Amino acid sequence: MSSLAFLVKEALESSVEDAKEIGHFCTHVAHLLISHGAGPSCCLSATDGEVWEHSLTYTSLENFDLLFPLTVLLLQHSASFVCSHHSASYWTGPQLIFTRLAEALREAVDAAEVADVLAKAEVLLDLARICSPAIPPLFPRSQLPVLEQGSIHEPLLELYGKLEERESQPMPLRCLCRRLIRNCLLPWPFEEKVKALPLPDRLKDLLLPENSWKNRAGWDRFKPRGSSH
């Protein structure tokens with residue numbers, strides 16, 4: 001798992017084509033490792049026993065727009081949204097997503113890139129709500145990254161407001177049912193299992209929200225830093 005986390009970081013500094021190939025390899029290896037019991041969200045102990053290396057989940061979330069296929073895969077496999085060893089005191093998924101989201105909004109050159117990275121963030125936050133074993137409490141509004149330009153700070157506030165409102169209310173029954181059914185169908189992948197259920201197609205689509213982004217351009221591959229979103 002440590003070698004895979006290192007390779008994922010290498011993809012961020014490579015060419016577009018190399019990043020695509022590395023991403024294809026990493027997602028398949030991650031699936032294989034997790035299927036055999038590896039924990040992607042536990043920080044990795046260095047040899048001296050005092051320094052901790054970031055986990056694969058941490059690395060993916062802090063670069064979620066560039067490593068999107070892997071981040072989705074980890075959440076589909078019920079990866080923890082906090083450090084499995086240090087709990088929420090070390091990091092939480094929402095904090096990492098908002099920190100990277102602020103960086104990506106600063107880097108965006110047009111409205112299309114802003115919309116793209118915001119859509120990816122929302123997909124991951126929704127997927128974590130469905131699949132992760134436990135969702136940590138939302139961090140305080142005062143800890144939101146500050147963006148000087150109001151036009152790009154506003155989307156950040158709007159997304160935080162959605163999460164704030166969602167956290168203040170009980171989870172809707174349809175979301176609870178979706179979470180329960182998906183848990184009963186584990187292990188992932190379970191698209192074929194959902195298709196076999198005696199349910200209307202509309203309900204099957206509700207159980208597989210990740211299908212809504214499968215055909216979006218560029219969402220199926222890794223991207224190096226500095227590339228277009």
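If you read the sequence from its start, that first residue is 1, and numbering goes on from there. Just so you know, these numbers come straight off a predicted model, no measurement behind them. Side-chain atoms are counted along with the backbone in the values below, which use heavy atoms only and exclude waters and symmetry mates.
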Original post:
Does the pair L7 and C26 meet the rule for a side chain to side chain contact (heavy atoms under 4.5 Å, CB included), with working shown?
Top reply: CA-CA 8 Å; L7 187 57; C26 285; 3.8 Å; yes
**OP:** For the pair T99 and E62, evaluate side chain to side chain contact (heavy atoms under 4.5 Å, CB included) and give the outcome as yes or no after the intermediate values.
**Re:** CA-CA 7 Å; T99 299; E62 73 169 347; over 6 Å; no
**OP:** Evaluate side chain to side chain contact (heavy atoms under 4.5 Å, CB included) for E210 paired with V123, printing each intermediate quantity in order.
**Re:** CA-CA 8 Å; E210 52 266 56; V123 165; 6.0 Å; no
**OP:** Please report the C-alpha distance between N211 and D205 in whole Å, then the side-chain angles of each, then the deciding distance to 0.1 Å, and finally whether the side chain to side chain contact (heavy atoms under 4.5 Å, CB included) criterion is met.
**Re:** CA-CA 8 Å; N211 284 352; D205 291 339; 5.6 Å; no
**OP:** For the pair E107 and R100, evaluate salt bridge (charged side-chain N to carboxylate O under 4.0 Å, His left out) and give the outcome as yes or no after the intermediate values.
**Re:** CA-CA 11 Å; E107 298 166 0; R100 174 53 195 163; 3.3 Å; yes
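Within 6.0 Å of CZ in R174 there are 12 or fewer heavy atoms belonging to other residues, nucleotides or ligands. Heavy atoms of other residues, nucleotides or ligands lying less than 6.0 angstrom from CD of E158 number more than 12. Residue-environment remark: NZ (K162) stays at or below the threshold of 12 foreign heavy atoms within 6.0 Å.
Cluster membership for I34 and V82, using ILVMFWY side-chain heavy atoms within less than 4.5 angstrom, is not shared. Under a hydrophobic-cluster definition in which Ile, Leu, Val, Met, Phe, Trp and Tyr are linked whenever side-chain heavy atoms come within less than 4.5 Å, directly or via other members, L32 and L70 are assigned to different clusters. No continuous path of ILVMFWY side-chain contacts below 4.5 Å connects L73 to F6, so the two sit in separate hydrophobic clusters. By the criterion of side-chain heavy atoms lying less than 4.5 angstrom apart, applied directly or through intervening Ile, Leu, Val, Met, Phe, Trp or Tyr residues, W91 is grouped together with L101 in one hydrophobic cluster. Placement of V194 and L186 within a single hydrophobic cluster is found when ILVMFWY residues are connected by side-chain heavy-atom separations under 4.5 Å, directly or transitively.
A donor-acceptor distance shorter than 3.5 angstrom exists from the side chain of K204 to the backbone of L197, with no hydrogens or angles considered. For the pair R178 (side chain) and I130 (backbone), a donor-acceptor distance under 3.5 Å is absent. One N or O on the side chain of R179 and one on the backbone of R129 form a donor-acceptor pair closer than 3.5 Å. Side-chain atoms of S78 do not come within 3.5 Å of backbone N or O of P133 as any donor-acceptor pair. Side-chain atoms of S14 come within 3.5 Å of backbone atoms of A19 as a donor-acceptor pair (strictly under, hydrogens ignored). Between the side chain of S41 and the backbone N or O of C83, no donor-acceptor pair lies under 3.5 Å. A donor-acceptor contact shorter than 3.5 Å is absent between the side chain of K20 and the backbone of R221. With hydrogens and angles disregarded, no donor-acceptor distance shorter than 3.5 Å links the side chain of S132 to the backbone of I135. The backbone N or O of T27 sits nowhere less than 3.5 Å from a side-chain atom of H31 that would complete a donor-acceptor pair. Judged by distance alone, with hydrogens and angles left aside, the side-chain atoms of E167 form a donor-acceptor pair with the main-chain N or O of L138 at under 3.5 Å.
Pairing each heavy atom of K193 with each of P189, the nearest pair is CE-O, 4.1 Å. Nearest heavy atoms, T92 versus P136: CB-CG, 3.8 Å. Between A102 and P145, the closest heavy-atom pair is CB-CB, 3.5 Å. Here the closest non-hydrogen pair linking P94 and L125 is CA-CD2, 4.5 Å. Scanning both residues, S55 and C42, for their nearest heavy atoms gives CB-O, 3.3 Å. T71 and F64 get closest at one heavy-atom pair: OG1-CA, 3.9 Å.
In this structure, CZ in F222 is found 13.0 Å from CG in D18, a value given to the nearest 0.5 Å. Atom CD of residue E191 and atom CG of residue L208 lie 5.5 Å apart, to the nearest 0.5 angstrom. Of the inter-residue distances, the one linking N63 atom CG with L12 atom CG reads 4.5 Å to the nearest 0.5 angstrom. Taken from CG in L66 to OG in S60, the straight-line distance is 11.0 Å, to the nearest 0.5 Å. Distance CZ/F139 to CD/Q95: 6.5 Å, rounded to 0.5 Å. Of the inter-residue distances, the one linking L206 atom CG with D201 atom CG reads 12.5 Å to the nearest 0.5 angstrom.
We find that R166 and D126 are joined by a salt bridge, their nearest charged nitrogen and carboxylate oxygen being less than 4.0 Å apart. Note on K223 versus E113: no salt bridge recorded, every NZ/NE/NH1/NH2 to OD/OE distance being 4.0 Å or above. Salt bridge annotation for R106-E103: absent, with no cationic side-chain nitrogen under 4.0 angstrom from a carboxylate oxygen.
At least one side-chain heavy atom of S2 sits under 4.5 Å from a side-chain heavy atom of E53. In this structure, F190 and L207 have side chains that are not in contact, with every pair of non-hydrogen atoms separated by 4.5 Å or more.
Aromatic ring orientation, H24 versus H28: tilted (interplanar angle from 30° to 60°).
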